[in-house]
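Note that this is a predicted model, so its numbers are computed, not measured.
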Amino acid sequence: MNYWLLKTEPETFSWATLANDGHTVWDGVRNYQARNFLRQMKEGDKALFYHSGKEKQVVGICSIVKGSYPEKGQEANNWVVVEIVPDQLLENPVTLKSIKSVPVLSEMLLIRHTRLSVMPISSLEFYTIVELSKKQKP
DNA sequence: GCCAACGTTGGC
DNA sequence: GCCAACGTTGGC
């Protein structure tokens with residue numbers, strides 16, 4: 001199983017919307033590097049759900065329930081989508097600031113490649129952030 | 001193939 | 001509001 005981080009602007013698509021809908025097709029990715037990571041996603045993988053923009057924090061955990069397949073209408077351009085479901089809301093959001101303050105997380109693409117919206121993370125990074133969410137105060 | 005101009009993302 | 005870091009586009 002692999003771990004990922006999915007970035008979204010909450011004004012466009014938020015955790016609340018995902019939680020409410022119970023399922024979504026992660027489409028609209030138009031960046032080659034992000035697409036290449038999307039392609040590697042498999043059913044059963046886990047992903048941290050990150051709100052960019054004003055919030056800048058990881059807010060939840062979701063699961064990939066359907067691995068990548070061609071985006072409808074974009075087959076010719078090779079863009080792909082995956083399907084996700086909300087897994088759990090973090091007890092407390094984990095802010096970018098707090099992520100930056102933890103040495104073991106300093107190599108994350110989230111920090112090193114600011115503009116990347118779909119990225120792999122290690123299991124250590126995944127669980128470190130989950131643990132942080134249990135310690136932080138709201 | 002190079003590079004300037006422009007557009008977008010995302011943090012500060 | 002600004003800027004850094006990219007990515008894309010188009011002229012040459």
Report task. On DNA chain C, reading 5' to 3', which nucleotide is the first and which the last to sit with an atom under 4.0 Å from a heavy atom of chain A, could you check? Result -> C:dA5 to C:dT8
Query raised in the report: Taking the six-membered ring for Trp, are A:Y3 and A:F126 parallel (under 30°), tilted (30 to 60°) or perpendicular (over 60°)?
Result: tilted
**Report entry** Centroid-centroid distance, A:W79 to A:Y32, less than 6.0 Å
**Finding:** yes
Requested in this report: Mind checking A:K100 for me? I need base, sugar-phosphate or nothing, with any heavy atom below 4.0 Å counting as a touch.
Outcome: sugar-phosphate
Query raised in the report: Taking atom types as modelled, is there a side-chain donor on A:T17 or A:S14 under 3.5 Å from an acceptor on the other?
Result: yes
Requested in this report: Answer yes or no: is there an ion pair linking A:R35 with A:E71, defined by an N-O contact shorter than 4.0 Å?
Outcome: no
Query - ILVMFWY network linking A:I111 to A:Y127, side-chain heavy atoms under 4.5 angstrom - result: yes
